[in-house]
Visitor: 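One structure is given below, represented as structure tokens, and several questions about it will come after.
Scope of the values below: all heavy atoms of this structure, side chains included, with no hydrogens, waters or symmetry mates. A quick note: this is a predicted structure, and the numbers were derived from the prediction, not measured.
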Amino acid sequence: MVSVLTSSALSKALFFLSLCSVWLLPDLALAKHAGITRHYKFNIKMQNVTRLCQTKSIVTVNGQFPGPRIIAREGDRLLIKVVNHVQYNVTIHWHGIRQLRSGWADGPAYVTQCPIQTGQSYVYNFTITGQRGTLFWHAHISWLRATLYGPIVILPKRHASYPFPQPFKEVPIVFGEWWKADTETIINQAMATGGAPNISDAFTINGLPGPSYNCSAKETFKLKVKPGKTYLLRLVNAALSDELFFRVANHTLTVVEADAVYVKPFKTDIVVITPGQTTNVLLKAKSKTPNAKFAMSARPYATGPATFDNTTTIGILEYKKSASASSSNNMNIPLLKAKLPQFNDSTYAMKFNQKIRSLATRKFPVKVPKKVDRRFFFTVGLGILPCSKNQTCQAPNNIRPAAGINNVSFVQPNKALLQAHFFNRSKGVYTTNFPTNPPFKFNYTGTPPKNIMLDSGTKLVSLNYNTNVELVMQDTSILGAESHPLHLHGFNFFVLAQGIGNFDPKKDPAKFNLIDPAERNTVGVPSGGWVAIRFLADNPGVWFMHCHLEVHTSWGLKMAWVVNDGKGPKQKLMPPPADLPIC
């Protein structure tokens, strides 16, 4: 059936369309400056991968290892459909993304969501607001992030430039760890026996261990550069349990960004990067092609008493030869090594981190809270817990190593905290009596107390919307002092100061930098020291905070903040999506 418009009906329709065009014009103008929607599909599947002359089946995204790079611009919306085809429960965390009012897309299992079960899917839906730079994504359940990870590249808005010289090329450099054995078996056995999990067999650069390992020379990342050109290296530490030193032999790097926040540029030979941190550096190639190749080396910065993987992963920086240069000459070019600090050089690590300062310009201001509404003092470190009935612990007296914050070892619930909060069903899931200070004072970095037994529970801190928070995190010497990279979900925070020894609340606040402090999402609590941070609780939801050394997270060095809704409509958590997984 065909309908025919009368002349009067036609004139009314034209008038309506003209009105629509007037109404739509402002929206069209806005659309030019708004972001676009980008769709990705992550099929979680098993894939056979060979490293160090051994093949094993690993969990991957789309069969890729490392996983695919996500590219977006500031202001873009991302819709990432994750389909689980493996035997394990899966979640994905978009590490460093603020997730403003979109906590359902944050990803930590049993914190913001129940896991995606075998055969199920979930669409992570979020908008990148006010952020640009390098971040990364990784699995956030058990130890699956050993192979489930990849970089996130957030470009500036169109026609916006970097606050540093435009590079000739941008290259992700993602550090990882490789085990010959199955990592889920490793952590499950460790948790069952109360022992420490086996250390890794190699470190990797973009999934490749490099020539320092047996049977691995062909599995080497190579970066080919043109003389005189500038390269932006997007460094990501996706390793499970090791902070790293990184150096390119005979080249100076210029640090221009940390955790997707521009910093005052500074030159360095060596970068320190903890698990969970990202760092952008500029590398300027030499003006003439040298007769050498250059090692790009990374190896652990380790401060704790436990054994660690004391090996070095090497990539190779090569200069592109002219067409006339013979390939036979290329084979004989020497590889220059990169000298790295001693594995426990905490002095170098401290000095490096103190160089990181925000730009603090009119275009990129520092919005550090000047007044403080609530102050917290958290001890972070190790301790012991009694073994449960289903464990056969190796240690005497039926105890096992554990970790905690303010003497509380976090117990993972079997329901998602965010759902319990949103639907006011917290009873039996969590309490909001997390201690503001340690339960008892002691010489935190001196002789440990006799009783090193931890409490355990699912305890959270409740904050009103827009609370200005100051938090001092203090390492302890219980079972050995150690650097702990603490990651806060849902926020960036300002690193005001750090020091060695016990924090002095009377003297140390005078050292706080309120002018141009580093703005980060992950910070290393110095070994035998402390770090002070501030953040504005302007993001309603439940936000995980934990050590990014995966073994310590498994042992309970984690907690969460509940940020309650504000009064305005844009100060409230959005309702959960229809496809949110159920437990």
Visitor: May I ask you to check whether F440 and F442 place their ring centers less than 6.0 Å from one another?
Guide: yes
Visitor: Are the side chains of W94 and L78 in contact, using a 4.5 Å heavy-atom criterion?
Guide: no
Visitor: Among H552, H546, H548, which one satisfies ring-ring contact (aromatic ring centres under 6.0 Å, His included) with H484?
Guide: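 Filter result, single survivor: H552.
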Visitor: Hey, could you give me each pair passing salt bridge (charged side-chain N to carboxylate O under 4.0 Å, His left out) that has a residue in residues 119-134? Not counting sequence neighbours.
Guide: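 For residues 119-134, and leaving out neighbouring residues, the salt bridge (charged side-chain N to carboxylate O under 4.0 Å, His left out) pairs sorted by first residue read E74-R132.
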Visitor: Which residues pass the side chain to side chain contact (heavy atoms under 4.5 Å, CB included) test with V83, not counting sequence neighbours?
Guide: K41, N43, K81, H85, S121
Visitor: Could you tell me whether the side chain of R234 reaches within less than 4.5 Å of the side chain of I173, counting heavy atoms only?
Guide: no
Visitor: State, without any angle test, whether Q113 and T91 hold a side-chain donor-acceptor pair at a distance under 3.5 Å.
Guide: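 No.
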Visitor: Roughly how far apart are C393 SG and N398 CG, rounded to 0.5 Å?
Guide: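 Interatomic distance, C393 SG to N398 CG, rounded to 0.5 Å: 5.5 Å.
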Visitor: Do F378 and F434 have their ring centres less than 6.0 Å from each other?
Guide: yes
Visitor: Can you name the nearest heavy-atom pair linking F494 to P369, along with the distance?
Guide: CD1-CD, 4.0 Å
Visitor: P438: what forms a side chain to side chain contact (heavy atoms under 4.5 Å, CB included) with it, not counting sequence neighbours?
Guide: F377, T379, N406, Y444
Visitor: Give every residue pair that meets the salt bridge (charged side-chain N to carboxylate O under 4.0 Å, His left out) criterion with at least one member in residues 463-472, sequence neighbours excluded.
Guide: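 Checked against salt bridge (charged side-chain N to carboxylate O under 4.0 Å, His left out) - neighbours excluded - the pairs reaching residues 463-472 are R375-E470, E470-R534.
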Visitor: Spell out, as yes or no, whether a donor-acceptor pair under 3.5 Å connects the side chain of D579 to the backbone of Y122.
Guide: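 Side chain of D579 to backbone of Y122, a donor-acceptor pair under 3.5 Å: no, none is there.
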Visitor: Using only atom types and a distance under 3.5 Å, with no angle test, would you say the side chain of N564 pairs donor to acceptor with the backbone of L463?
Guide: yes
Visitor: Judged by atom type as modelled, is there a donor-acceptor pair below 3.5 Å linking the side chain of Q131 to the main-chain atoms of I128?
Guide: no
Visitor: If you round to the nearest 0.5 Å, how far is CG of L244 from CD1 of I273?
Guide: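 Here the interatomic distance stands at 7.5 Å.
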Visitor: Run the side-chain contact (heavy atoms from CB on, under 4.5 Å) test on C547 and V380 for me, step by step, so that the C-alpha distance in whole Å, both residues' side-chain angles and the decisive distance to 0.1 Å come before the verdict.
Guide: CA-CA 9 Å; C547 183; V380 295; over 6 Å; no
Visitor: Show me, pair by pair, the donor-acceptor contacts under 3.5 angstrom made by side chains of residues 522-533, not counting sequence neighbours?
Guide:
unit_1 : atom_1 : unit_2 : atom_2 : d
T522   : OG1    : H95    : NE2    : 3.4
T522   : OG1    : G276   : O      : 3.3
T522   : OG1    : H487   : ND1    : 3.2

Visitor: Just grab all the salt bridge (charged side-chain N to carboxylate O under 4.0 Å, His left out) pairs involving residues 549-568, residues at least two apart or on different chains.
Guide: R145-E550
Visitor: Once you round to the nearest 0.5 Å, how far does CG of L382 lie from CD1 of I452?
Guide: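 Interatomic distance, L382 CG to I452 CD1, rounded to 0.5 Å: 9.0 Å.
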Visitor: Could you go step by step and tell me if V236 and Y149 meet the side-chain contact (heavy atoms from CB on, under 4.5 Å) rule?
Guide: CA-CA 10 Å; V236 176; Y149 62 84; over 6 Å; no
Visitor: Does some side-chain heavy atom of D309 sit less than 4.5 Å from a side-chain heavy atom of D201?
Guide: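 D201 vs D309: side chains apart.
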Visitor: To the nearest 0.5 angstrom, please state how far the CZ atom of F535 sits from the CG atom of N468.
Guide: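 Output value for this atom pair is 10.0 Å.
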Visitor: Do you see a donor-acceptor pair shorter than 3.5 Å between the side chains of T134 and N280?
Guide: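 Result is yes, a qualifying pair exists.
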Visitor: Using only atom types and a distance under 3.5 Å, with no angle test, would you say the side chain of E519 pairs donor to acceptor with the backbone of V366?
Guide: no
Visitor: In terms of heavy-atom contacts, does CD1 of I71 have more than 12 from other residues, nucleotides or ligands at under 6.0 Å?
Guide: yes
Visitor: If we only count heavy atoms from C-beta on, is the V429 to T458 side-chain gap below 4.5 Å?
Guide: no
Visitor: Does W561 have its ring centroid less than 6.0 Å away from the ring centroid of F376?
Guide: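 Yes, the ring centres sit under 6.0 Å apart.
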Visitor: Quick check: do I154 and I97 have side-chain heavy atoms less than 4.5 Å from each other?
Guide: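 Side-chain contact under 4.5 Å: yes.
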Visitor: Which heavy atom of A196 sits nearest to which heavy atom of A190, and what is that distance?
Guide: C-CB, 4.1 Å
Visitor: Look only at the side chain of Q571 and the backbone of G568, and say whether a donor-acceptor pair between them is shorter than 3.5 Å.
Guide: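 Answer holds: yes.
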Visitor: Give the intermediate values and the outcome of side-chain contact (heavy atoms from CB on, under 4.5 Å) for residues I92 and I116.
Guide: CA-CA 9 Å; I92 305 289; I116 306 165; 5.9 Å; no
Visitor: Taking only residues two or more places apart in sequence or in another chain, which ones pass side chain to side chain contact (heavy atoms under 4.5 Å, CB included) with V551?
Guide: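 Partners of V551 under the side chain to side chain contact (heavy atoms under 4.5 Å, CB included) test: W143, P197, S241, W555.
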Visitor: Report yes or no: is the cationic atom of K56 (NZ for Lys, CZ for Arg) under 6.0 Å from the centre of the six-membered ring of W178, at an angle within 45° of the ring normal?
Guide: yes
Visitor: What pairs of residues pass the side-chain hydrogen bond (donor to acceptor under 3.5 Å, both in side chains) test when at least one of them lies in residues 407-426, not counting sequence neighbours?
Guide: none
Visitor: Taking all atoms of both residues into account, what is the closest heavy-atom pair of L573 and R101, and its distance?
Guide: CD1-O, 3.7 Å
Visitor: Would the distance check show the side chain of T147 and the main-chain N or O of V59 forming a donor-acceptor pair, the cut-off being under 3.5 Å?
Guide: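 Yes; at least one donor-acceptor contact below 3.5 Å.
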Visitor: How far apart are the closest heavy atoms of F512 and A497, and which atoms are they?
Guide: CD1-CB, 3.8 Å
Visitor: Apply salt bridge (charged side-chain N to carboxylate O under 4.0 Å, His left out) to D76 and list each qualifying residue two or more places apart in sequence or on a separate chain.
Guide: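 R38.
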Visitor: Quick check: do I70 and F42 have side-chain heavy atoms less than 4.5 Å from each other?
Guide: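 Contact flag for I70/F42 side chains = yes.
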Visitor: Ignoring hydrogens, what is the shortest heavy-atom contact between P485 and E243? Give both atom names and the distance.
Guide: CD-OE2, 3.9 Å
Visitor: Who are the side chain to side chain contact (heavy atoms under 4.5 Å, CB included) partners of D538, not counting sequence neighbours?
Guide: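 For D538 the side chain to side chain contact (heavy atoms under 4.5 Å, CB included) partners, ignoring immediate neighbours, are R98, Y465, N466, F491, L536.
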Visitor: Any heavy-atom pair between the side chains of F308 and T303 that's under 4.5 Å?
Guide: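 In short, these two side chains do not touch, never coming nearer than 4.5 Å.
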Visitor: Does M574 have more than 12 heavy atoms from other residues, nucleotides or ligands lying within 6.0 Å of its CE?
Guide: no
Visitor: side-chain contact (heavy atoms from CB on, under 4.5 Å), that's the test. Do N433 and K459 meet it? Break it down for me.
Guide: CA-CA 6 Å; N433 60 342; K459 300 181 181 183; 3.6 Å; yes
Visitor: Heavy atoms, side chains only, cut-off 4.5 Å: are H489 and H93 in contact?
Guide: yes
Visitor: Can you name the side chain to side chain donor-acceptor pair (under 3.5 Å) partners of R77, sequence neighbours left out?
Guide: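 Once residues adjacent in sequence are excluded, the partners of R77 under the side chain to side chain donor-acceptor pair (under 3.5 Å) criterion are N125.
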Visitor: Return the minimal non-hydrogen interatomic distance between I356 and V263, and the atom names on each side.
Guide: CG2-CG1, 3.8 Å
Visitor: For residues 180-196, which residue pairs qualify under side-chain hydrogen bond (donor to acceptor under 3.5 Å, both in side chains), counting only residues two or more places apart or in two chains?
Guide: S142-E184, D182-T185
Visitor: Test your reading of the model: is there a side-chain donor-acceptor pair from K572 to the backbone of G566, 3.5 Å cut-off?
Guide: yes
Visitor: With no hydrogens and no angle check, is any side-chain donor or acceptor of N539 less than 3.5 Å from a backbone partner on Q99?
Guide: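 It does hold such a pair.
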Visitor: Report the C-alpha distance between E177 and S200 in whole Å, list the side-chain angles of each, state the deciding distance to 0.1 Å, and finish with yes or no for side-chain hydrogen bond (donor to acceptor under 3.5 Å, both in side chains).
Guide: CA-CA 6 Å; E177 265 179 289; S200 55; 2.8 Å; yes
